[in-house]
Amino acid sequence: MSLHHFLFSFLILAFSVASSVAAAPNEQTLNTGEAEFFNPKLPPRTLSSSKKFEGSSNLVDLRYHMGPVLSSSPINIYLIWYGRWSLSQKLLIKDFITSISPSATPASSPSPSPSVSEWWKTVSLYTDQTGANVSRTVYIAKEHSDTRYSHGSHLTRLSVQQVIATAVETAPFPVDHRSGIYLILTSNDVTVQDFCRAVCGFHYFTFPSMVGHTLPYAWIGNSGKQCPEVCAYPFAVPGYMGGGGPGALAPPNGDVGLDGMISVIAHELAELATNPLVNAWYAGEDPTAPTEIGDLCEGLYGTGGGGGYIGQVMRDKKGRTYNMNGNKGRKFLVQWVWSPVLKACAGPNALD
């Protein structure tokens, strides 16, 4: 994200979600019994002048460019675990992904509001030229574990596509043009081109010359050991603060790297569903540097965000911070996305 875009996004957030609670020096609080609502003020990101996520520009005129969205139901996630992942780590991420869909059956209990499924409902408001909406249903269709680091412990943008090619050939993953997302997650010992320096995740589509097919994909890395203050913010704060400023927030699931990663996964999935071939929903004239529905709301997690505040979020009795509920009693902190109806950032935990 460019510095100009960061400042422009800040102005949008300040305009779109004005706070209704008076600001204290470092946080705004509101007690509601079960959970405490608070609006912490945190230091800026270490690399605020760089692009945290793929695709940023100075323009915010979000328009439809006539390309497809992922409207076929369900959206199938083909999940590639690259590197070493523990079972508990996999379960946490899979619980988030499966929380996106509404309850599968009438007998199953929906997650309490505000929920991840309600958050995705905003994503599903986007349509293609036929009027078909982004699917509300997201499934994990198949998984592949690449524990041998088949393409090494350092990946480039092109070798990320080779990882997909290997999974398609050996897993084997089907070639799912219409409703597939190929999601590559790298463990905390894998370095990736531009990771931490410029991006925490990105999405694009594969090249036929590399994979044999054009397939929408996203990559996200676990920053826990490499750059949590950049990619797991606000669960880690920049080192230059030296304890002299506001502290980091406690992650809802006790894992700074994974809890930070989940919000990046959400960001990329929302953008990939609404702009899978980089010719659907984005702002700007250059599709190689678009502003997408996640970019417009980066750093905003609740009502009253802007001016250094992340917005009203919840804190449980153990001090863990979250803004959405998921399956199996999970809690997550996930950034808001741009609503095409409200013309503003939106999330299920909005207080107004």
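Numbers for residues simply follow the sequence, beginning at 1.
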Query raised in the report: For the atom pair CG (N253) and CG (L92), what is the distance rounded to the nearest 0.5 Å?
Result: 4.5 Å
Report task. Ignoring hydrogens and angles, tell me if any N or O in the side chain of N323 forms a donor-acceptor pair with the backbone of V334 under 3.5 Å. Result -> yes
Requested in this report: Could you pull out all residues at least two apart from P340 that satisfy side-chain contact (heavy atoms from CB on, under 4.5 Å)?
Outcome: L125, Y126
Report task. Could you tell me whether a side-chain N or O of S153 sits under 3.5 Å from a main-chain N or O of V190, the two making a donor and an acceptor? Result -> no
**Report entry** Among Y82, Y78, W219, the one residue meeting ring pair (Phe, Tyr, Trp, His ring centres under 6.0 Å) with Y182
**Finding:** Y78
Report summary line: L333 and S263 have their tightest heavy-atom pair at O-CB, 3.6 Å
Requested in this report: Run the salt-bridge test on K317 and E36 with the 4.0 Å N-O cut-off and return the result as yes or no.
Outcome: no
Query raised in the report: So, do I97 and I77 sit near enough that their side-chain heavy atoms are less than 4.5 Å apart?
Result: yes
Query - Evaluation steps, side chain to side chain donor-acceptor pair (under 3.5 Å), between W336 and N349 - result: CA-CA 9 Å; W336 283 10; N349 58 311; 2.8 Å; yes
Query raised in the report: Can you name the side chain to side chain donor-acceptor pair (under 3.5 Å) partners of N222, sequence neighbours left out?
Result: none
Report summary line: Those residues at least two apart in sequence (or on a different chain) that pass side chain to side chain donor-acceptor pair (under 3.5 Å) with T321 are none
Query raised in the report: With sequence neighbours excluded, what pairs up with T137 under the side chain to side chain donor-acceptor pair (under 3.5 Å) test?
Result: none
Query raised in the report: So, D61 and R63, do they make that salt bridge, N to O below 4.0 Å?
Result: yes
Report summary line: Applying side-chain contact (heavy atoms from CB on, under 4.5 Å) to T170 and not counting sequence neighbours gives H144, T166
**Report entry** Sequence neighbours excluded, every pair satisfying salt bridge (Lys or Arg N to Asp or Glu O under 4.0 Å) that has a member inside residues 110-128
**Finding:** none
Requested in this report: For R178, look at atom CZ and say whether over 12 heavy atoms of other residues, nucleotides or ligands are found less than 6.0 Å away.
Outcome: no
